[in-house]
Amino acid sequence: MTITTLKPETAAQVTDAVRWALSAGEPLEILGSGSRRGLGRPVQAGHALDLSGLSGVIAYEPEELVLTALAGTRMDPIRAMLADRGQHLAFEPPEGGTLGGLVASGLAGPRRISAGSARDHTLGIAGVSGRGEAYKGGGKVVKNVTGYDVPKLMAGSFGTLTALTEITVKVLPAPEDTATLLLSGLDDQAAVAMLDRALRSPYEVSGAAHLPAGIAARSGVSAVSGAGGAATLVRLEGFGPSVAARVTMLREELRADAVLGRDESLAVWREVRDGAGLGACLGEGGDAHLWKLSVPPSAGPATVEAIRRKLDVEAFYDWGGGLVWLALRSDLAPPDSGAAIRGALSVGGHATLVRAPESVRAATDVFQPLPEPLMALSRRVKESFDPKGILNPGRMYAGL
């Protein structure tokens with residue numbers, strides 16, 4: 001299919017583009033930088049609405065912990081600007097992309113267990129609904145709770161409800177120091193139990209992950225790859241003296257084998273955030289299918305074991321065991337691999353296919369299928385914002 005790209009440079013032009021699409025009955029694929037294009041089902045649309053022309057920071061108030069920018073603003077300069085003032089986006093989103101794409105995809109990293117998700121840090125939005133109506137929701141003051149529901153609804157909506165033009169997010173002071181306790185050689189079940197113990201401690205853990213031996217051996221951090229087996233990671237952040245004191249106490253309590261300093265900690269948690277170490281699944285078979293499973297932490301190892309009875313997969317754990325990164329090679333993935341993975345979620349949870357060839361994503365439920373009452377609610381929300389279904393149709397669920 002030949003796709004025509006519309007690239008507005010102002011919010012008014014976005015409104016005009018959506019109104020044209022509405023009147024012509026032409027669906028639009030909503031894009032920022034395109035870095036998240038492979039997350040979700042392929043959108044069948046003859047026109048793309050490229051929002052990367054809406055770029056620039058409108059207001060940054062470090063003292064108020066608030067930043068407002070146009071939706072197409074690249075994240076790299078935003079990160080650099082925040083770092084200059086000792087601040088950051090606390091939910092630890094992945095690198096690259098635009099602010100609008102980041103909020104629309106709702107992605108968060110290892111610090112989500114302590115800082116919350118992208119939804120929790122989205123204060124206000126402006127955009128154009130599928131009705132061709134420009135509107136705003138939320139506000140710019142952290143303490144103001146009026147109107148928060150619409151901004152939170154947009155986080156994780158993948159452009160199916162609104163073409164975002166402006167976003168206000170909460171920013172927080174970046175930690176002065178970070179250190180990571182390393183425990184070596186634990187099996188998955190013992191590791192998750194140890195992570196649970198760390199998270200229940202009074203030491204304010206901000207990261208809790210477990211890398212089985214094969215994953216740990218491929219780490220770019222020598223202390224992790226050289227551990228000689230599985231690596232269980234517990235992160236502590238904050239002011240330097242506080243981190244040092246908490247590391248000393250928690251290391252003794254957990255009987256940790258080593259402590260990674262700031263640089264090694266930053267590197268290994270980037271790997272955890274981005275699913276690094278699963279690339280070996282690529283092998284000779286091309287792109288891997290990469291899944292993220294959200295499960296009760298104590299059920300993570302058993303869930304992975306149940307999947308391994310049917311599929312040849314590699315996996316590691318984040319969020320204290322509550323998030324499982326799982327990959328299998330495309331050439332070893334049967335057509336019903338998604339059903340096999342979701343069938344292992346016997347104690348609840350959900351599974352999301354975050355990377356796969358387009359043909360696979362078109363034929364698979366990328367997001368966890370919803371029970372009919374929730375699907376009916378999703379349809380009503382979609383119809384409220386986009387009754388003609390012109391914004392990213394089918395991106396999340398077929399026919400929606």
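Among residues two or more places apart in sequence or in another chain, the side-chain hydrogen bond (donor to acceptor under 3.5 Å, both in side chains) test is passed with Ser219 by Glu271.
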> After noting the C-alpha distance and the side-chain angles of Ser55 and Arg74, does the key distance pass the side-chain contact (heavy atoms from CB on, under 4.5 Å) rule?
Replying inline: CA-CA 7 Å; Ser55 179; Arg74 293 271 182 169; 5.7 Å; no
> Step by step, would you call Val224 with Leu260 a side-chain contact (heavy atoms from CB on, under 4.5 Å)?
Replying inline: CA-CA 9 Å; Val224 176; Leu260 308 184; 4.1 Å; yes
> Should Val14 and Leu51 be marked as a side-chain contact (heavy atoms from CB on, under 4.5 Å) after you check the CA-CA gap, both sets of side-chain angles, and the distance that decides it?
Replying inline: CA-CA 8 Å; Val14 174; Leu51 301 178; 3.8 Å; yes
> Between Gln87 and Tyr60, does a side-chain contact (heavy atoms from CB on, under 4.5 Å) hold up when you go through it step by step?
Replying inline: CA-CA 11 Å; Gln87 296 181 338; Tyr60 174 36; 2.5 Å; yes
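Cluster membership check: Ile125 shares its hydrophobic cluster with Val57, using side-chain heavy-atom separations under 4.5 Å among Ile, Leu, Val, Met, Phe, Trp and Tyr. Under the 4.5 Å side-chain heavy-atom criterion for grouping Ile, Leu, Val, Met, Phe, Trp and Tyr, Val313 is not connected to Leu332 through any hydrophobic cluster. In this structure, Leu266 is not a member of the same hydrophobic cluster as Val205, with clusters built from ILVMFWY side-chain heavy atoms closer than 4.5 Å. The hydrophobic clustering, which links ILVMFWY residues whose side-chain heavy atoms are closer than 4.5 Å, places Val366 and Leu31 apart.
Proximity of Glu26 to Trp20: side-chain heavy atoms (C-beta onward) are separated by under 4.5 Å at one or more points. Using a 4.5 Å cut-off on side-chain heavy atoms (C-beta onward), Leu70 and Leu99 make no contact. Residues Thr73 and Thr98 form no side-chain contact, since every pair of their non-hydrogen atoms from C-beta on lies 4.5 Å or further apart. Using a 4.5 Å heavy-atom threshold, the side chains of Leu67 and Pro62 count as separate. When side chains are defined from C-beta on, Val171 does not count as touching Val66, because their heavy atoms never get closer than 4.5 Å. The shortest distance between side-chain heavy atoms of Asp365 and Arg342 falls below 4.5 Å. The shortest side-chain heavy-atom distance between Asp188 and Val192 does not fall under the 4.5 Å cut-off. Annotation: side chain of Leu254 is in contact with side chain of Arg197 (closest heavy-atom distance under 4.5 Å).
With respect to Lys170 and Glu64, no salt bridge is recorded, no charged nitrogen being found less than 4.0 Å from a carboxylate O. A salt bridge is absent between Arg308 and Glu314; no separation between the charged side-chain nitrogens and carboxylate oxygens falls under 4.0 Å. Arg37 and Glu29 are joined by a salt bridge, as a carboxylate oxygen and a charged side-chain nitrogen come within less than 4.0 angstrom of each other. Salt bridge absent: Arg270 and Glu95 never bring a charged side-chain N and a carboxylate O closer than 4.0 Å.
Under the 3.5 Å distance criterion, the side-chain polar atoms of Arg273 are left unmatched by any main-chain donor or acceptor of Gly109. Without hydrogens or angle criteria, Thr165 side chain to Ala126 main chain gives a donor-acceptor distance under 3.5 Å. Counting only distance, with no hydrogens or angles, the side chain of Thr303 and the backbone of Ala299 share a donor-acceptor pair below 3.5 Å. Arg119 contributes a side-chain N or O that, together with a main-chain N or O of Lys152, makes up a donor-acceptor pair within less than 3.5 Å. Within the 3.5 Å criterion, the main-chain N or O of Leu39 finds a donor-acceptor partner in the side chain of Arg395. For Tyr397 (side chain) and Gln368 (main-chain N/O), a donor-acceptor pair under 3.5 Å exists by modelled atom type. Within the 3.5 Å criterion, the main-chain N or O of Glu176 finds a donor-acceptor partner in the side chain of Arg262. For the pair Arg361 (side chain) and Gly38 (backbone), a donor-acceptor distance under 3.5 Å is present. Between the side chain of Arg19 and the backbone N or O of Gly132 there is at least one donor-acceptor pair closer than 3.5 Å. Proximity of a side-chain donor or acceptor of Thr122 to a complementary backbone N or O of Ala118 within less than 3.5 Å is detected.
Side-chain contact check for Thr162 and Tyr135: at least one donor-acceptor pair (N or O, by modelled atom type) lies under 3.5 Å. A donor-acceptor pair shorter than 3.5 Å cannot be found between the side chains of Thr180 and Arg235. Between Thr352 and Trp291, the side chains place no donor N or O within less than 3.5 Å of an acceptor N or O (distance only, hydrogens not considered). If you check the side chains of Ser242 and Arg246, you find a donor sitting under 3.5 Å from an acceptor.
With Leu49 as the partner, the side chain to side chain contact (heavy atoms under 4.5 Å, CB included) test is satisfied by one option alone out of Val128, Ile390, Val18, Asn392: Val18. Each of Thr232, Asp318, Asp187 was evaluated against His210; a single residue qualifies, Thr232, per the side chain to side chain donor-acceptor pair (under 3.5 Å) test.
Classification of the Trp325-Phe316 ring pair by plane angle, with boundaries at 30° and 60°, yields parallel.
Other residues, nucleotides and ligands place more than 12 heavy atoms under 6.0 Å from the CD atom of Glu372. Summarising the local packing, CD of Glu253 is surrounded by more than 12 heavy atoms from other residues, nucleotides or ligands at distances under 6.0 Å. Other residues, nucleotides and ligands place no more than 12 heavy atoms under 6.0 Å from the CD atom of Glu9. Heavy-atom neighbours of Lys292 NZ from other residues, nucleotides or ligands within 6.0 Å: above the threshold of 12.
Of all non-hydrogen atoms in His289 and Ala356, the two that sit nearest each other are CD2-CB, 4.1 Å. When all heavy atoms are compared, the tightest approach of Gly100 to Leu164 is O-CD1, 4.2 Å. Closest approach of Leu328 to Ala333, counting heavy atoms only: CD1-CB, 3.5 Å. The nearest pair of heavy atoms linking Ala108 to Ser117 is CB-CA, 4.2 Å. Contact record, Val295 with Gly321: CG2-O, 3.8 Å, taken as the closest heavy-atom pair. Among all heavy-atom pairs drawn from Met375 and Leu370, the shortest one is N-CB, 4.0 Å.
Within the model, atoms OG of Ser225 and CD1 of Ile215 stand 13.0 Å from one another, a figure rounded to the nearest 0.5 Å. Note that NE2 of His121 and CG of Leu172 are 6.0 Å apart. Values are rounded to the nearest 0.5 Å. Summarising the geometry, atom OG belonging to Ser129 is positioned 7.5 Å from atom CG belonging to Leu391; distances are rounded to the nearest 0.5 Å. Taking CZ of Arg380 as the reference point, atom NZ of Lys382 lies at 16.0 Å (rounded to 0.5 Å). From Thr160, atom OG1 reaches atom CZ of Phe385 across 9.5 Å, with rounding to the nearest 0.5 Å. Within the model, atoms CG of Leu199 and CD1 of Ile113 stand 4.5 Å from one another, a figure rounded to the nearest 0.5 Å.
Residue pairs meeting the ring-ring contact (aromatic ring centres under 6.0 Å, His included) criterion with at least one partner in residues 221-260, sequence neighbours excluded, are absent.
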